[in-house]
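Here is the structure we will look at.
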Amino acid sequence: MANDLQASSPAVRNRILAQLAPDDFEALKPLLRPVEFRGRAVLQEANRRVECVHFIEDGLVSHLSGTRTDFVETAMVGYFGYVGVPLVLGADVASQRSVVCMPGTALRVEAEDLARVMADRPQIREEMLRYVPALIAQNTQSVLCAAKHEINQRLARWLLLANDRIQSDVLYITHELLASSMGVRRASITNALLQLEAEGVVEKRRGAVRIVDRQALESRTCDCYHIVREAYDRTRTVECCGHDGADHSHHGLVAGTA
């Protein structure tokens, strides 16, 4: 599970929190607790009550559908979003499992605390709801991509989406985890990566993949990537500009204020 961070966090990176108006953020700020999470940590179990919401600051989380031994990734969450959407939609049980695939940090708020502050300040819920259509688009395209497109296209899509969400060309991901997330054989991932490496698009490292030529990678993906990217771009209309038009990217948070 996630562990509390001891160091202070001078600014909020999470897009949704950064877009909040200053007074809304100040109302939420005392309830947020910075946490760090390791690879394969479970932030939310499927068919379990949502007890907290994690606003991702760094790292990558996968939403998984299926059983513990037979599953597929339906979406990935980075600093664009948060884990705990059912709570914002008025439900209290999650339908998917949320597992960390790249270690990172988040700002965690207890479900009861968030529900209370959203009731007092409806604009916070509205900002959080802005993220939901993009997440649904990613879920939908993941299903279509798995059914219709070749492994090389699907791998390129996954790498690009991950690159967008962690803002780093080095993705700390293993062949095994890629294969599990995409629901394919490990050998298929290895062969696809070897081809991309031979073409100078990526570089394989121990426990990681580095994107060498992003433009070339985009030329090898399917339309699913562009559809998902455009869906998330539509959530950026007020990024770092609260509803009064001011720049709020400096929202600060000190650990341990919760």
Side-chain angles (χ1 to χ4, degrees), residues 1-3 5 35-46 54 56-81 83 96-106 135 138-139 141-143 145-147 149-214 216-218 220-222 224-225 228-229:
M1 290 298 293
N3 300 315
L5 288 174
V35 296
E36 64 181 357
F37 43 78
R38 299 178 179 178
R40 300 184 183 273
V42 179
L43 299 189
Q44 177 64 52
E45 284 284 7
H54 290 86
I56 306 303
E57 288 276 285
D58 187 34
L60 201 63
V61 178
S62 293
H63 288 322
L64 307 175
S65 288
T67 67
R68 286 178 176 269
T69 57
D70 187 14
F71 58 85
V72 66
E73 180 185 83
T74 59
M76 61 177 74
V77 185
Y79 80 100
F80 293 174
V83 176
Q96 296 180 323
R97 196 169 188 239
S98 301
V99 179
V100 175
C101 60
M102 294 188 200
T105 60
L135 184 66
Q138 190 180 173
N139 275 282
Q141 291 305 133
S142 293
V143 173
C145 197
H149 298 142
E150 299 295 330
I151 182 64
N152 288 20
Q153 293 177 305
R154 293 173 58 196
L155 177 60
R157 173 187 63 86
W158 198 99
L159 294 174
L160 288 166
L161 290 175
N163 179 230
D164 290 343
R165 281 150 185 76
I166 67 169
Q167 295 290 290
S168 171
D169 290 336
V170 180
L171 310 177
Y172 291 96
I173 188 79
T174 65
H175 295 198
E176 180 182 1
L177 193 53
L178 273 171
S180 297
S181 297
M182 296 173 60
V184 298
R185 296 184 302 114
R186 179 175 175 175
S188 299
I189 293 295
T190 299
N191 291 337
L193 284 172
L194 285 172
Q195 181 176 340
L196 288 175
E197 187 173 42
E199 295 169 349
V201 180
V202 304
E203 175 191 2
K204 294 196 291 96
R205 297 180 177 181
R206 184 175 179 83
V209 175
R210 183 172 76 91
I211 297 175
V212 177
D213 189 339
R214 183 184 165 97
L217 191 61
E218 286 194 31
R220 287 160 173 76
T221 193
C222 51
C224 293
Y225 167 69
V228 173
R229 183 176 67 180

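The residues of the chain are indexed from 1 along the displayed sequence.
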ask   = Going from SG on Cys145 to CD on Gln138, what distance comes out if it is rounded to the nearest 0.5 angstrom?
value = 11.0 Å
request  = Measure the CE-SG distance between Met76 and Cys101 for me, rounded to the nearest 0.5 Å.
outcome  = 6.5 Å
ask   = At what distance, to the nearest 0.5 angstrom, does CD of Gln96 lie from CZ of Phe71?
value = 12.5 Å
query = Does the Arg165 side chain pair with the main chain of Leu161, one donor and one acceptor, at a distance under 3.5 Å?
reply = yes
Please tabulate, for side-chain N and O atoms in residues 182-189, each donor-acceptor pair with protein atoms closer than 3.5 Å (sequence neighbours left out).
none

task = Mind checking the CH2-OG1 spacing from Trp158 to Thr221? Nearest 0.5 Å is all I need.
result = 13.0 Å
inquiry  = With rounding to the nearest 0.5 angstrom, report the CG to CD distance, Leu196 to Glu203.
reply    = 13.0 Å
ask   = Do Ser142 and Arg157 have side chains that get closer than 4.5 Å, going by heavy atoms?
value = yes
Polar side-chain atom of Glu197 near backbone of Lys204 as donor-acceptor pair, under 3.5 Å = yes
ask   = Could you give the distance from CG (Asp213) to CD (Glu218), rounded to the nearest 0.5 Å?
value = 10.0 Å
Pair Ser62, Glu73: side-chain N/O donor-acceptor within cut-off below 3.5 Å = yes
query = Are side-chain N/O atoms of Thr105 and Asp58 paired as donor and acceptor at under 3.5 Å?
reply = no
